[in-house]
Amino acid sequence: MSLPALVPLPAALQSIAQRAEQSLTQAFTTLSAEAAAAFAAWPAQRKEHLQRVTAASDFVTQQSLRDPQVLLDLAASGELERRLAGGELRNQLAEQLAECTDENALARSLRKFRNRQQLRIIWRDISRQADLVETCRDLSDLADACIDLSYHWLYPRHCEQFGTPVGRRSGEPQHMVILGMGKLGAFELNLSSDIDLIFGYPEGGETQGVKRPLDNQEFFIRLGQKLIKALDAITVDGFVFRTDMRLRPYGSSGALVFSFNALEQYYQDQGRDWERYAMIKARVVGGDQHAGAQLLEMLRPFVYRRYLDFSAIDALRTMKQLIQQEVRRKGMAENIKLGAGGIREVEFIAQAFQLIHGGRDLSLQQRSLLKVLQTLKDQGYLPGQAVDELLAGYAFLRYTEHALQAIDDRQTQMLPDDEQDRARVAFMLGFDSWDAFHEQLMHWRGRVDWHFRQVIADPDEDLEGDEETMVGADWLPLWNDDQDEEAACRQLTEAGFVEAQAAWQRLVGLRNGNQVRAMQRIGRERLDAFIPRLLAATVEHDKPDLVLERVLPLIEAVARRSAYLVLLTENPGALQRLLTLCAASPWIAEQISRFPLLLDELLNEGRLFSPPLAPELAAELRERLTRIPEDDLEQQMEALRHFKLAHGLRVAASEIAGSLPLMKVSDYLTWLAEAILDQVLALAWRQMVSRHGTPLRVDGSPCSPDFIIVGYGKVGGIELGHGSDLDLVFIHDGDPQAETDGAKPIDGAQFFTRLGQRIIHLLTAQTNSGQLYEVDMRLRPSGAAGLLVSSLGAFRRYQEGEAWTWEHQALVRARVLVGCERVGAAFDEVRCAVLGRERDQAKLQAEVSEMRAKMRDNLGSRATAAGTAENAFDAASPFDLKQDAGGIVDIEFMVQYAALAWSRQHPALLEFTDNIRILEGLDRLGLLRDGEATLLQDAYKAYRSAAHRQALQKQPGVVGGDQFHEHRRNVMRIWRELGLS
């Protein structure tokens, strides 16, 4: 964020600077010879800054003339030329207040300190030694110090008079909590801000240590009044901060201070939308910091809803309309805060996204506007160019605001009509004329207003012409039951519905259903506003009957949570994407109906159809989980599930859109599983170690974690599909006898077994967002009868001495998914040694063939003897893509057979675990006849692509026997040529 340029002092302001310097020279001379000498010895650059600052700011000149020693002290301390260290400002004020003996002395010290700091801050701002962030931070730190130190000065003296307030429940002394709202809460105070405060205290009770105790509330009301007077009252020394208490519950008519319970009850029962906006920036600025953190945590659910809350947009529109009415009524079009394209619009944009998405995206739960805007860019909520313009526009507006207020330390955001003040503002913003400055200002106001309208525009409003025409108005009579069935069906038929009667019955069923009947008034209003839009969008599709059939169950499912209806009403693009995806896939329609939170993914078209690569996927999940407290298991599990659902939808949407080919679909789904498993292992490990300590290796050193998760089957072969389960094996390399080093030690074998159980629980537990994955552990040594977690040595011994041939076949597709690299490398050595040993080829052929025959008998199509009967190629016969002869499993078995038969002579065959690349290796090594590997690859891809399509249509992996004739015959022929039967 660049600083305004330093331009030469214009002629119109030079005379002001000269008069100021002459007056200051006289003031220092009058003060003392030493003061005059010190001023005369100022370096040239400071003198130049003096000219700039006094030319621009009457306040600085007046304060310096009123108390010239302050300016000399600031210069001598170097504070005019350097940034204050953290806590330095507070320490300075604490030293001064320590000498105060009564409230009058407190008031004087506060005001003198404030004027000193205000002079310093304006000096550094105008001389461009401080940027916007530093200026706002200094002002906010000044307010924090004045509020908190004043409170702590007043509190003990108040207790001496009225007793110490004690909680009735806890029996502990009570302190007030002072919340700073708005710009103060976000460290964004301007040069002449007032401060918005809310006072609270932890619990009811009464004071102790005096004859006539006070109720705690009365005690804190009186204390609050004293604090406000110390800050707000105007005396001969001025004021500290104008203090506004109107944001408290019930506004000016409410009590000055409330207990935590009363605050929570108020916001829960009566809190209004504008109070949610106000509470976004709330921060504890004084009093009991620990209790204040508890209060903010109590109020968080009021501010940030767990679901997407697009109703916030409508509330924001209402607030903006009220502001616009006030601007027009008072003639404040030139107000750079409240007028069109002003500061408030940038704030509204950020707050709208925070309230809509902040309940689920914790990265938006922050106070700083600049940081929120950057997050909107980083997370893809707003285009990068839009955010860059908002940041630049906001900075320009805030610098302008500071220039307006620096002139006379006056709270104003109105552009001046006085020529001298116009010259000052243009000069402070780095322009040589008012016209040049004003042109740039109007440019930024125009860009801010444009972006604001994009975010909060009513979907029925014409952004260009400001006309309102409700989308779908033609469908209102049908939905409102204002026309008979015949007229309704005629309208549906004319709009393109083939089964108009069925569509009508579906709509009537929804309107008269229990879910809709039980809706509250506001929810029903939202539904009534949405259904006409839905019908208008539905008839734009080629198959409106199908779209309506698949979408209405979703509408019924979310009817009681009408915020989702607002989401779709406010975002026509999201509604269109929803209808397109539901028309293409009943699986997607069912997923969104079961988990409406997925509607969030429809908002960003670019993100929806562009799933991230593996490193970005893992980084995104890590980032999400780091925002959740480590001890909040419920939120962690929900975050994992939401992440999986959201990215699963993005992959399916990309597959349907054709932007992601089959092999990439499997890649993404596999990467997704690996990212989740990595975090699940880390989460389970932390929980186990916190409870029992760290397990040990055989050499006595701690494991870290010496545990791996091995994937078999589809996840091992990088071939996951939608809804696939995970075939997993857990292996550790710790000492099974050695005890862990924690407070509740257990032996290593128990530790790793419980770790495995914990991982399975985290993966399979049902929550509101379903489960992560079905997990199949039957491929572990000895199957269901074996230990849940094997040591590396036990795994090696089993594979070398006890495993069946089919288990070695499974091992071909096994690979380490996540865990310790050292143990993973040791596993790979075991795998290569086991698979690459010498084998009797005839025996191997017989065992592979026997296992395949059993599978066909049990799992293949009975009507065609698993694809081997004469009718197997008839259109009326089924073909099981996976299990029938010539299908997927035949190809997998051939690949596994080849790896077992030839990897001793050709270890390169064991480099990969997926069928496509193993087939490439067989072709490269000449182990299959020319072209046969390609034939098998083409068949495998065609089958899997068809299986994916079937899954998205919620159909079993079975097609007509008249399909894939050439692929099937090729597979069956090569099967026989390999000596398999």
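Each residue takes its place number in the sequence, starting with 1. All of these numbers come straight from a predicted model, not from anything done at the bench.
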Restricting to non-hydrogen atoms, name the atom on [X] and the atom on [Y] that form the minimum distance, rounded to 0.1 Å.
X	Y	value
Arg128	Leu6	CG-CD2, 3.8 Å
Leu142	Phe113	CD1-CE2, 3.6 Å
Ala17	Leu9	CB-CD2, 4.0 Å
Tyr304	Leu364	OH-O, 3.9 Å
Ala350	Leu373	CB-CD2, 4.4 Å
Gly430	Val7	O-CG1, 3.2 Å

Tell me, please, whether [Y] has [X] positioned over its six-membered ring: NZ or CZ under 6.0 Å from the ring centre and within 45 degrees of its axis?
X	Y	value
Lys226	Tyr151	no
Arg447	Trp444	no
Arg120	Trp123	no
Arg157	Trp153	yes
Arg283	Phe187	yes

Main chain of [Y], side chain of [X]: is a donor-acceptor contact present, judged purely on distance under 3.5 Å?
X	Y	value
Asp148	Gly287	yes
Asn91	Gly87	yes
Gln413	Ile336	no
Asp125	Ile121	no
Gln96	Leu93	no
Arg424	Met428	no
Asn190	Cys136	no
Arg410	Leu404	no
Gln51	Arg46	no
Ser57	Thr54	no

(request) Evaluate the ring planes of Phe431 and Phe396, with Trp represented by its six-membered ring, and classify them as parallel (under 30°), tilted (30 to 60°) or perpendicular (over 60°). (result)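 Perpendicular.
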(request) Over 60° means perpendicular and under 30° means parallel, so classify the ring planes of His357 and Tyr381, tilted if in between. (result) tilted
Measuring only between side-chain heavy atoms, which start at C-beta, is [X] closer than 4.5 Å to [Y]?
X	Y	result
His438	Leu415	yes
Val387	Pro383	no
Leu441	Leu429	no
Asp138	Thr135	no
Leu139	Ser193	no
Thr30	Phe28	no
Thr412	Ile407	no
Phe348	Phe353	no

(message) Under the salt bridge (charged side-chain N to carboxylate O under 4.0 Å, His left out) test against Glu188, which residue among Arg398, Lys281, Arg367 passes?
(response) Lys281
Mind checking the [atom1]-[atom2] spacing from [X] to [Y]? Nearest 0.5 Å is all I need.
X	Y	atom1	atom2	answer
Gln354	Ile349	CD	CD1	12.5 Å
Thr235	Asp237	OG1	CG	4.5 Å
Ile280	Glu275	CD1	CD	13.0 Å
Gln440	Met442	CD	CE	11.5 Å
Asp58	Thr61	CG	OG1	6.0 Å
Leu74	Leu119	CG	CG	6.0 Å

(request) For Leu197 and Leu179, run side-chain contact (heavy atoms from CB on, under 4.5 Å): C-alpha distance rounded to whole Å, both residues' side-chain angles, the deciding distance at 0.1 Å, then the answer. (result) CA-CA 6 Å; Leu197 304 179; Leu179 295 183; over 6 Å; no
Is a side-chain donor-acceptor pair under 3.5 Å present for [Y] with [X]?
X	Y	result
Gln405	Asp409	no
Gln129	Ser127	yes
Asp435	Ser433	no

(request) Go through the steps to decide whether Gln366 and Thr375 satisfy the test side-chain contact (heavy atoms from CB on, under 4.5 Å), and finish with yes or no. (result) CA-CA 10 Å; Gln366 48 187 328; Thr375 300; 2.9 Å; yes
(message) Applying salt bridge (charged side-chain N to carboxylate O under 4.0 Å, His left out) to Arg108 and Glu103, what does each step give before you reach the verdict?
(response) CA-CA 9 Å; Arg108 282 195 302 275; Glu103 291 180 29; over 6 Å; no
Does the pair [X]/[Y] count as a salt bridge with the N-to-O cut at 4.0 Å?
X	Y	result
Asp388	Lys377	yes
Glu401	Lys337	no
Arg300	Glu297	yes
Asp141	Arg137	yes

(request) Take Arg116 and Arg111 through the test side-chain contact (heavy atoms from CB on, under 4.5 Å) and record every step on the way to the result. (result) CA-CA 9 Å; Arg116 180 182 194 273; Arg111 281 151 182 77; over 6 Å; no
Using a 6.0 Å cut-off, check whether atom [atom1] of [X] has over 12 heavy atoms from anything other than its own residue.
X	atom1	result
Lys371	NZ	no
Glu439	CD	no
Arg246	CZ	no

(message) Taking the ring centre of each residue, are His152 and His175 less than 6.0 Å apart?
(response)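 His152 vs His175: aromatic centres under 6.0 Å.
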(request) Starting from the C-alpha separation in whole Å, work towards a yes-or-no answer on side-chain contact (heavy atoms from CB on, under 4.5 Å) for Arg114 and Phe239. (result) CA-CA 8 Å; Arg114 182 265 182 189; Phe239 63 94; 4.1 Å; yes
(message) Please determine whether ring pair (Phe, Tyr, Trp, His ring centres under 6.0 Å) holds for the pair Phe437 and Trp434, giving the CA-CA distance in whole Å, both sets of side-chain angles, and the decisive distance to 0.1 Å.
(response) CA-CA 5 Å; Phe437 157 75; Trp434 171 260; 5.1 Å; yes
